[in-house]
Amino acid sequence: MTVRNIIRTIIVETPSKPGNLGKVATAIGMAGGDIGDITTIKVGPLSTVRDITVHCESKEQLDAVIQSIQSLENGIYVHAVSDDVLRAHEGGKIQMKSRMDIRSLADLRRVYTPGVADVCRVIQDDPDKARYYTSIGNTVAIVTDGTAILGLGNIGSLAGMPVMEGKAALFDRFAGISGIPILLNTSDPDEVVNTIKKIYQGFGGILLEDIGSPHCFEIEERLKEELPIPVMHDDQHGTAVVTLAAVISACRSTGVDLKDAVVGQIGLGAAGLAICRMFMAYGVKEMCGVDRQEAALERLRRYGGTALQSIEELMEHCDIIIATTGVPGLIKPEMVRKGQVILALSNPKPEITPAEAVKAGAAFAADGRSVNNVLGFPGIFRGVLNAGAKEITHSMLVAAAQAIADCTASGELVPHPLDPKVHVEVARAVERVAEREMEMEPVL
Ligand SMILES: NC(=O)c1ccc[n+]([C@@H]2O[C@H](COP(=O)([O-])OP(=O)(O)OC[C@H]3O[C@@H](n4cnc5c(N)ncnc54)[C@H](O)[C@@H]3O)[C@@H](O)[C@H]2O)c1
Ligand SMILES: O=C(O)C[C@H](O)C(=O)O
Ligand SMILES: [Mg+2]
């Protein structure tokens with residue numbers, strides 16, 4: 001399938017005579033554009049104006065589409081080209097809203113002062129009650145330092161805000177959790193840890209997002225150690241969970257025992273190293289990896305993996321290939337061996353498109369749009385918040401991966417993210433493990 005990442009609305013005026021819309025549609029198709037919605041904006045006696053949504057593969061193709069419409073002449077004009085994605089972001093994607101209807105003075109006194117003072121006293125006497133009488137137990141901070149925003153690199157936390165708002169929107173949509181973006185303007189581990197420690201009380205959990213490696217490892221480890229609420233770096237563990245689920249499904253379809261498969265990871269940063277650790281803990285005996293940084297290879301060796309010399313060697317040697325480098329097109333079709341499973345997970349563009357990988361002989365292939373941590377993080381947090389757990393453990397993550405794999409239809413790698421069942425099942429699985437682990441905790 002061709003990737004058409006460029007979506008624009010072209011505002012076109014045509015003479016109000018039959019046949020003109022057909023001419024425009026043909027012009028778009030001849031230039032390679034794919035037509036989405038068509039909305040009529042104005043019908044006049046002489047001319048008609050329409051919004052035509054067009055999906056293109058590249059900027060050059062979009063220019064060719066516009067040129068192709070303009071060359072029709074005879075009263076056909078392109079008035080403007082608008083970027084739907086930018087338009088959808090106007091004003092941001094999230095908002096904080098009151099859950100209470102404030103209509104009367106009595107409402108006002110109950111919601112705010114003086115009534116609220118009694119609730120403050122209740123929490124002052126018993127801080128655990130904050131979980132019941134405030135939104136804290138259902139609110140997760142989405143914290144970034146902006147150093148690894150998708151595969152765009154260190155573009156700063158402000159530029160990363162649309163991603164954080166996106167994660168908040170997904171939390172709300174799939175798990176009913178309020179996600180609050182926190183943009184840090186430091187990536188110094190001490191400062192990040194201390195800042196989060198100073199604000200954590202207002203949250204039921206901390207989701208670390210798009211924090212680059214290697215500092216993300218120290219930040220997450222210290223926060224897990226030092227905070228009494230669940231902390232998870234999504235790019236590490238959310239990704240590892242979903243990747244394990246996809247590979248479990250692929251092995252089911254191919255009849256391969258994952259523990260006996262040779263797995264190769266390209267890119268050993270936040271996502272890559274966590275994927276390796278997850279697979280080795282799951283029982284994969286031979287876990288190989290490559291990275292352009294020696295320090296990253298050394299980290300893999302420390303955890304028991306095998307560092308290889310080149311991507312070519314890894315592609316030759318491994319049955320299951322996972323890539324999280326942020327480098328589009330890094331895997332060339334000629335490197336693919338027949339029957340391999342290839343998960344090229346970098347966003348916004350993969351190391352190889354699924355279509356190219358399958359054409360080159362892969363048995364299964366997917367990119368980071370479908371094998372995406374959106375399948376994991378909402379349900380994982382819903383589960384721990386429901387259970388009142390203080391941490392997210394390895395067993396909870398494996399249970400989440402298994403739940404995702406169990407919701408996957410035969411022949412697919414992962415479920416559709418809009419399938420509400422998957423988020424409910426992940427939450428249930430995590431909550432069950434959390435409750436079991438809390439029962440086993442020694443009472444001091
Ligand atoms: N699909 C998902 O759910 C998902 C989740 C997390 C991350 N990702 C994607 O994974 C990518 C990496 O994210 P991250 O948070 O791990 O970033 P990161 O910066 O921590 O890691 C990237 C790693 O790739 C290595 N690398 C870069 N170019 C390389 C090359 N040419 N050869 C070998 N190694 C190379 C770097 O040295 C680094 O260790 C991003 O594009 C991100 O969008 C996808
Ligand atoms: O944000 C996503 O879509 C997935 C992931 O967290 C990423 O950084 O690419
Ligand atoms: Mg991310």
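Whatever order the structure lists them in is the order used to number ligands and atoms, beginning at 1. All values below come from the heavy atoms of this structure, side chains included, with hydrogens, waters and symmetry mates left out.
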In the protein, what heavy atom is nearest to [atom], and what distance, to one decimal place, separates them?
atom	result
atom 30 (C) of ligand 1	Leu330 CD2, 4.0 Å
atom 3 (O) of ligand 1	Asn373 N, 2.9 Å
atom 28 (N) of ligand 1	Val327 CG2, 3.4 Å
atom 29 (C) of ligand 1	Arg292 CD, 3.8 Å
atom 5 (C) of ligand 2	Asn373 ND2, 3.5 Å
atom 18 (P) of ligand 1	Ser213 OG, 3.8 Å
atom 40 (C) of ligand 1	Leu150 O, 3.4 Å
atom 16 (O) of ligand 1	Ala271 N, 2.9 Å
atom 9 (O) of ligand 2	Asn347 ND2, 3.0 Å
atom 4 (C) of ligand 1	Thr239 CG2, 3.8 Å

Option with minimal heavy-atom separation from atom 36 (C) of ligand 1, where the choices are Asp367, Asp210, Val371, Asp291: Asp291

Winner among Thr325, Asn154, Val374 once heavy atoms are compared against atom 24 (O) of ligand 1: Thr325

Just checking, is any N or O donor in the side chain of [X] or [Y] under 3.5 Å from an acceptor N or O on the other one?
X	Y	value
Thr186	Asp188	no
Gln265	Thr324	yes
Asn138	Arg382	yes
Thr325	Glu351	yes
Ser249	Glu412	no
Asp37	Thr53	no
Thr9	Asp84	yes
Ser58	Gln61	no
His317	Glu286	yes

Structural part of Thr324 in contact with ligand 1, heavy atom criterion under 4.0 angstrom: both

Location of contacts on Leu268 toward ligand 1, heavy atoms closer than 4.0 Å: backbone

Spacing of Leu184 atom CG and Ile211 atom CD1 [to the nearest 0.5 Å]: 7.0 Å

Between CE on residue Met232 and NE2 on residue His237, distance to nearest 0.5 Å: 7.5 Å

Side chain, backbone, both or neither: which part of [X] has a heavy atom under 4.0 Å from ligand 2?
X	answer
Asp235	side chain
Asn372	side chain
Val374	neither

With a 4.0 Å cut-off, would you call [X] and [Y] a salt bridge?
X	Y	value
Arg222	Asp190	yes
Asp83	Arg87	no
Lys93	Asp172	no
Asp257	Lys259	no
Glu294	Arg301	yes
Glu226	Lys197	yes

Give the numbers and elements of all ligand 1 atoms closer than 4.0 Å to a heavy atom of [X].
X	value
Gly326	11 (C), 41 (O)
Gly269	16 (O), 20 (O), 21 (O), 23 (C), 39 (O)
Gly368	1 (N)

Ligand 2 atoms in contact with Lys167 (distance to a heavy atom under 4.0 Å): 1 (O), 2 (C), 4 (C), 5 (C), 6 (O)

Residue-ligand contact Glu209/ligand 2, heavy atom below 4.0 Å: yes

Any Val242 heavy atom less than 4.0 Å from ligand 1: no

Neighbouring protein N, O or S atoms of the Mg ion (ligand 3) [cut-off: under 2.8 Å, no waters]: Glu209 OE2, Asp210 OD1, Asp235 OD1

Any N or O of [X] that comes nearer than 3.5 Å to an N or O of ligand 1?
X	value
Gly212	no
Ala270	yes
Asp235	no

Close aromatic pair by centroid cut-off 6.0 Å: Phe171 and Phe377: yes

Side-chain touch Arg173/Leu418, heavy atoms, less than 4.5 angstrom: yes

